[in-house]
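Side chains included, hydrogens not; waters and symmetry mates left out as well; all remaining heavy atoms used. So you know, we letter chains A, B, ... as the sequences are listed, proteins then strands, and number each from 1.
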Amino acid sequence: MTRAAAWAILILGAIYFILPLMGMIEFSLSMRRGEYSLDAYRIVLADPQFRRTFGYSVMMAIATIVVGMLLVVPTAYWVQLKLPRLRPLIEFMTLLPLVIPAIVVVFGYIRLYNTSSWLPLTGSLTGTNILLMCGYIMLGLPYMYRAVDTGLRAVDVATLTEAAQSLGAGWGTILWRLILPNVLVAVLSGAFVTFAIVMGEFTMAALLNRPAFGPYLQLMGANRAYEPFALATIAFAITWACIGAMQLFTRFSRQGRPT
Amino acid sequence: MSFLKLSHLEKSFGASHVVRNFNLEVERGEFISLLGPSGCGKTTVLRMVAGFEKPDVGSISIAGKDVTALGVRRRDIGMVFQAYALFPNLTVAQNVGFGLKVQGTARSEISARVQEMLALIGLPDKADRYPYQLSGGQQQRVALARALAPRPKVLLLDEPLSALDAKIRVSLRNEIREIQKALGITTIFVTHDQEEALSLSDRVVVMHKGVADQIGTPFEVYNAPATRFVAGFVGTLNTLEAEVIDAATGTVALGAQRLVLDRPLPPGPVTLGLRPEMLHMEGGPAYLTGRVMASDFLGSVVRVRVDVAGQILALDQFNSTRRAPPRVGEELRFGLNPSDVLVIAPAG
Ligand SMILES: Nc1ncnc2c1ncn2[C@@H]1O[C@H](COP(=O)(O)OP(=O)(O)OP(=O)(O)O)[C@@H](O)[C@H]1O
Ligand SMILES: [Mg+2]
């Protein structure tokens with residue numbers, strides 16, 4: 001391909017992404033007739049509903065990341081150490097959430113855990129929150145597992161484990177003091193992706209009827225003119241901040257280390 | 001009662017029988033090498049001692065206590081790996097103190113012990129470095145300190161020097177031996193380098209296809225190899241196929257030449273082993289003659305290849321200003337002492 005063609009494609013792609021973005025931002029600033037202002041943002045940020053849903057989603061995202069990593073790190077570690085032959089199967093399983101629509105999963109959840117089932121999670125608020133968190137973990141699984149698995153492959157897990165065992169360390173110590181610190185960058189990058197996913201998720205939260213940021217976005221979109229665009233810009237900024245933080249951590253951790 | 005005792009160990013992985021009827025008794029403070037070619041089961045034996053593998057049959061006892069069923073963590077062993085295996089997220093001091101910390105030792109005691117160990121390995125100023133900031137040799141010394149810090153009963157080393165370059169390998173192996181002697185710790189050292197095994201060990205176990213072919217001092221293993229494999233694997237050995245023509249005096253025929261070995265031998269074909277350094281260009285009392293095929297001047301040593309009745313023999317001579325190296329094609333008469341000649345059991 002010639003240089004010119006490459007540039008043309010790049011510019012075309014940039015226009016495809018940037019133009020709508022600019023339109024969105026521009027519109028979110030045009031609440032006052034004839035001049036740019038942050039009025040839409042002011043209104044949104046002052047809305048108690050915004051604060052509640054935003055706070056709820058942040059808490060859910062943190063819970064998702066913590067529980068998800070508690071699940072993913074030991075699993076990926078164990079597969080690498082003891083069941084390397086199962087790796088393709090596990091990888092396939094962690095990729096399933098990408099091909100199964102969220103709505104299918106939620107209906108499955110509701111059927112399995114409704115108030116008349118053996119585990120009536122939807123019967124209480126806490127139960128529903130837990131169920132939603134499980135859904136979020138599933139959505140983040142492909143990214144969390146990939147990130148951690150790649151991180152683990154960079155260290156000699158088997159020998160480090162044996163060295164630690166010969167010094168008397170148990171599984172808890174090995175995971176917490178040796179494995180986790182060595183895959184921390186991977187864990188963080190998985191965490192940021194998960195955070196971005198949870199902050200924007202709509203289907204699960206709406207169907208489980210929880211006050212999350214995604215449904216709030218949708219609600220505003222249906223009822224207001226300028227505010228939804230301010231919200232979308234905020235959500236977009238969060239996503240980019242997450243990606244930026246990921247890059248930063250990766251670069252920071254590489255500094256000074258020959259790899 | 002020996003300090004470390006391995007009795008009748010057997011181990012298979014699937015269909016391959018990796019260790020067969022392995023027996024070894026190690027005295028307290030002894031330095032033992034497991035020597036053998038790649039894949040002969042050295043690491044597997046070491047891993048059974050460490051507790052990473054469970055023997056199919058047999059038992060292991062340390063300090064009079066049967067540890068066969070005990071997990072790695074409770075065996076009180078220190079292990080050093082070929083790939084160093086330092087914890088990359090911990091400093092040198094934290095690495096060395098790791099075992100003590102896991103045991104719940106008091107912080108002040110840990111730091112005192114870490115200082116002591118770092119002094120012992122000659123890296124007292126590297127406490128706050130991370131492993132990636134050290135050279136390979138330094139990393140391996142830290143790994144040694146880490147293994148020794150909790151005062152294990154037995155130290156196990158699996159080819160600890162093979163990842164290092166030649167110069168450091170020699171200096172570090174001597175250092176390991178000195179530290180081992182100073183601490184008096186019972187040690188098993190796995191290597192496929194015979195020079196390492198011979199120079200370091202109190203006793204050497206020569207392994208071949210999962211079996212301990214011979215267990216003996218370096219002197220015994222080198223000078224009185226028990227099997228053909230040991231004879232060939234340890235040191236350089238010339239083998240000569242000959243025919244015993246007089247059983248009582250042990251006279252053998254090499255083509256037209258005769259050699260009297262002065263020991264009773266069964267009549268028929270026999271394999272003789274001759275170390276290159278046991279053959280001399282002057283002196284006897286016995287002699288053989290051959291045609292010089294090659295003559296390599298290596299500086300302090302001259303290595304000559306001689307064709308004796310169709311079989312090639314290597315001779316090592318120290319360089320001498322009084323005698324030029326033999327020329328290719330000339331007839332060379334060289335002497336040997338019949339008692340130096342090894343009679344090797346037929347291959348079995
Ligand atoms: N976990 C395992 N599963 C299957 N086979 C194994 C396992 N560990 C070792 N083996 C096999 O057992 C044999 C002996 O292995 P071992 O590692 O003990 O040899 P070694 O003498 O240490 O060799 P090297 O000098 O190459 O390290 C080899 O053929 C190896 O392939
Ligand atoms: Mg080995």
Side-chain angles (χ1 to χ4, degrees), chain A residues 69 72-74 76-78 80-86 147-191 249-259, chain B residues 43 46-47 49-53 70-91 94-105 129-136 139 142-158 160 163:
Chain A
M69 283 303 174
V72 164
V73 175
Y77 169 67
W78 200 252
Q80 185 125 325
L81 191 65
K82 301 277 180 181
L83 311 164
R85 269 181 303 171
L86 285 189
V148 171
D149 193 48
T150 312
L152 280 174
R153 276 190 222 198
V155 284
D156 186 351
V157 168
T159 317
L160 287 189
T161 301
E162 290 187 346
Q165 283 180 318
S166 74
L167 292 165
W171 293 116
T173 311
I174 293 174
L175 270 168
W176 183 249
R177 297 249 304 132
L178 303 177
I179 300 301
L180 191 63
N182 280 310
V183 294
L184 201 59
V185 175
V187 166
L188 283 174
S189 60
F249 270 109
T250 319
R251 195 167 314 160
F252 178 71
S253 70
R254 283 218 195 99
Q255 255 172 24
R257 286 207 188 195
T259 35
Chain B
T43 298
L46 200 74
R47 291 172 61 81
V49 177
F52 292 122
E53 305 284 356
L70 226 52
V72 184
R73 297 173 56 195
R74 314 208 183 291
R75 285 211 182 173
D76 236 350
I77 50 102
M79 182 121 184
V80 175
F81 300 84
Q82 181 177 343
Y84 323 139
L86 292 180
F87 307 130
N89 57 312
L90 303 183
T91 63
Q94 288 169 329
N95 264 284
V96 175
F98 187 87
L100 295 168
K101 182 161 181 182
V102 165
Q103 291 174 4
T105 311
R129 297 287 184 89
Y130 281 90
Y132 69 88
Q133 297 170 315
L134 302 179
S135 72
Q139 288 189 50
V142 173
L144 180 67
R146 179 180 68 178
L148 291 171
R151 298 189 171 82
K153 293 203 181 87
V154 179
L155 177 65
L156 306 173
L157 306 109
D158 192 353

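Interatomic distance, CZ of B/Arg73 versus CG of A/Leu167, reported as 11.5 Å (0.5 Å rounding). In this structure, A/Glu162 CD and B/Phe52 CZ are separated by 4.5 Å, a value rounded to the nearest 0.5 Å. Rounded to the nearest 0.5 Å, atoms CD (A/Gln165) and CE (B/Met79) are 11.0 Å apart. With values rounded to the nearest 0.5 angstrom, B/Phe98 atom CZ is found 9.5 Å from A/Ser166 atom OG. For the atom pair OH (B/Tyr84) and CG (A/Asp156), the distance works out to 13.0 Å, reported to the nearest 0.5 Å.
Proximity of a side-chain donor or acceptor of B/Asn89 to a complementary backbone N or O of A/Arg177 within less than 3.5 Å is detected.
Taking every heavy atom of both residues into account, A/Leu160 and B/Ala85 meet most closely at CD2-O, 3.6 Å. Contact record, A/Gly168 with B/Val102: O-CG1, 3.1 Å, taken as the closest heavy-atom pair.
No more than 12 heavy-atom neighbours from other residues, nucleotides or ligands sit within 6.0 angstrom of CZ on B/Arg74. By the 6.0 Å contact criterion, CH2 on A/Trp171 is enclosed, its count of non-hydrogen atoms from other residues, nucleotides or ligands being greater than 12.
For A/Thr159, the parts lying under 4.5 angstrom from a heavy atom of chain B are both the backbone and the side chain. Neither the backbone nor the side chain of B/Arg75 comes within less than 4.5 Å of any heavy atom of chain A.
Within the 4.5 Å cutoff, the side chain of A/Val155 has no heavy atoms near those of the B/Phe87 side chain.
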Kindly list each side-chain donor-acceptor pair under 3.5 angstrom involving residues 184-191 of chain A, sequence neighbours excluded, with atom names and distances?
residue: A/Ser189; atom: OG; partner: A/Val185; partner atom: O; Å: 3.4
residue: A/Ser189; atom: OG; partner: A/Ala186; partner atom: O; Å: 3.0

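Identified by a heavy-atom distance below 4.5 Å to chain A, the contributing residues of residues 147-158 of chain B are B/Ala147, B/Pro150, in residue-number order.
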Run the side-chain contact (heavy atoms from CB on, under 4.5 Å) test on B/Leu90 and A/Leu178 for me, step by step, so that the C-alpha distance in whole Å, both residues' side-chain angles and the decisive distance to 0.1 Å come before the verdict. CA-CA 8 Å; B/Leu90 303 183; A/Leu178 303 177; 4.0 Å; yes

